[in-house]
Amino acid sequence: MWNDVIDLDEFYRSPLGQVARRMIRRRIRAVWPDVHGMSVLGLGHATPYLWQFESEAACVMAIAPAQQGVIPWPPNEPGQVALAYEAALPFADLSVDRLLLVHAVEASEELREMMRESWRVLKGNGKLLLVVPNRTGIWARSERTPFGHGYPYTNGQIRRLLRDCMFTPGDTARALYIPPLRRRLFLKSAPAIERIGSKLFQTFAGVLLVEATKQIYAAAPGKAVERRRFVVLPGGIPASHRASRREAPDGPAD
């Protein structure tokens, strides 16, 4: 079940959410240190982690699942986020260089279809990065954060999922060694706790970050999916998408 976008936004505005964002963002940046001239797409609730690519990527976009809802992003600027069905992404084949999935894999009710769509839109040399709750970490056991909802994974489980969906998993990174508590002492000590945890307590990390590439040689015709139109928030709506608003999915886009 998808987390509501309002709950996600409130978490990332909280002191604990801001610390979690910084810790995970550093790991994402370590995996993708250079995205100059590339197209970067976030799927799920990836907007808290996309800011760092704005100044160098050729294009930064975000897709919010229709069941989750969407809020404007970036604030007070032309919109770069759209509402869509995760099993029918509104992008052409081989059109994305980097695809970041956050708060997506553990929540999707159409996981295989979403992964197949991710495979389709990625370029042949593109990279996929999954950020998922770690089943053996304490964050997956706390419902006070978004990482305590949905289906958590072990490293072996997420790597098997990637292979089953025609991806080749690469290295696994980990983040969030601080306990999911709002106590000021833990929040201030987060950088030190992260350094110690990454060396001594990797099993207890809150999230796993697994990068993967496409298995081109394993490509097989996928199941045909009905292409459904998506809704883009007002502000900076691409001209080529304006007509699609008449065929937007049922339900509010907020």
Within-4.5 Å side-chain heavy-atom neighbours: [X] and [Y]:
X: I28; Y: Q52; answer: yes
X: P74; Y: W51; answer: yes
X: S95; Y: L41; answer: no
X: L181; Y: L16; answer: no
X: Y49; Y: I24; answer: yes
X: Y85; Y: E113; answer: no
X: D34; Y: E56; answer: yes
X: Y177; Y: L200; answer: no

Are [Y] and [X] co-members of a hydrophobic cluster defined by side-chain heavy atoms under 4.5 Å apart?
X: I158; Y: F204; result: no
X: L209; Y: F201; result: no
X: F147; Y: L129; result: yes
X: L130; Y: M114; result: yes
X: V105; Y: L89; result: yes

* Mind running side-chain contact (heavy atoms from CB on, under 4.5 Å) on R26 and E194 for me, showing each step along the way? => CA-CA 11 Å; R26 290 175 183 175; E194 289 290 303; over 6 Å; no
* What orientation do Y153 and Y151 show, parallel under 30°, tilted 30 to 60°, or perpendicular over 60°? -> perpendicular
* Just say parallel, tilted or perpendicular for the rings of W32 and F53, cut-offs at 30° and 60°. => tilted
* Asked: SG/C165 to CZ/R116 distance, rounded to the nearest 0.5 angstrom?
  -> 9.5 Å
Under a 3.5 Å distance rule, please check whether [X] uses its side chain to pair with a backbone N or O of [Y] as donor and acceptor.
X: H45; Y: V102; result: no
X: S108; Y: A104; result: no
X: R135; Y: T154; result: no
X: R141; Y: G137; result: yes
X: W119; Y: M166; result: yes

Which atom of [X] lies closest to which atom of [Y], heavy atoms considered:
X: N3; Y: Q68; result: O-CG, 3.0 Å
X: R159; Y: P169; result: NH2-O, 3.8 Å
X: L187; Y: P15; result: CD1-CB, 3.7 Å
X: W139; Y: G206; result: CD1-CA, 3.7 Å
X: E106; Y: P133; result: CD-CD, 3.5 Å

* To do: Take T213 and K127 through the test side-chain contact (heavy atoms from CB on, under 4.5 Å) and record every step on the way to the result.
  => CA-CA 5 Å; T213 55; K127 301 284 188 179; 3.2 Å; yes
* Go through D97 and V35 one step at a time and tell me if the side-chain contact (heavy atoms from CB on, under 4.5 Å) criterion holds. => CA-CA 9 Å; D97 293 294; V35 296; over 6 Å; no
* Between Q67 and E109, is a side-chain hydrogen bond (donor to acceptor under 3.5 Å, both in side chains) present by the stated rule, with each step listed? -> CA-CA 10 Å; Q67 301 92 325; E109 296 176 1; 5.4 Å; no
* Taking the six-membered ring for Trp and the full ring for Phe, Tyr or His, determine whether the centres of H103 and Y12 are under 6.0 Å apart. => yes
* Step-by-step side-chain contact (heavy atoms from CB on, under 4.5 Å) determination, D171 to E211 -> CA-CA 6 Å; D171 294 336; E211 187 184 41; over 6 Å; no
* To do: Inspect the contact between E117 and R120 and indicate whether a charged nitrogen and a carboxylate oxygen are less than 4.0 angstrom apart.
  => yes
* Could you tell me whether R13 and D9 have a side-chain N and a carboxylate O separated by less than 4.0 Å? => yes
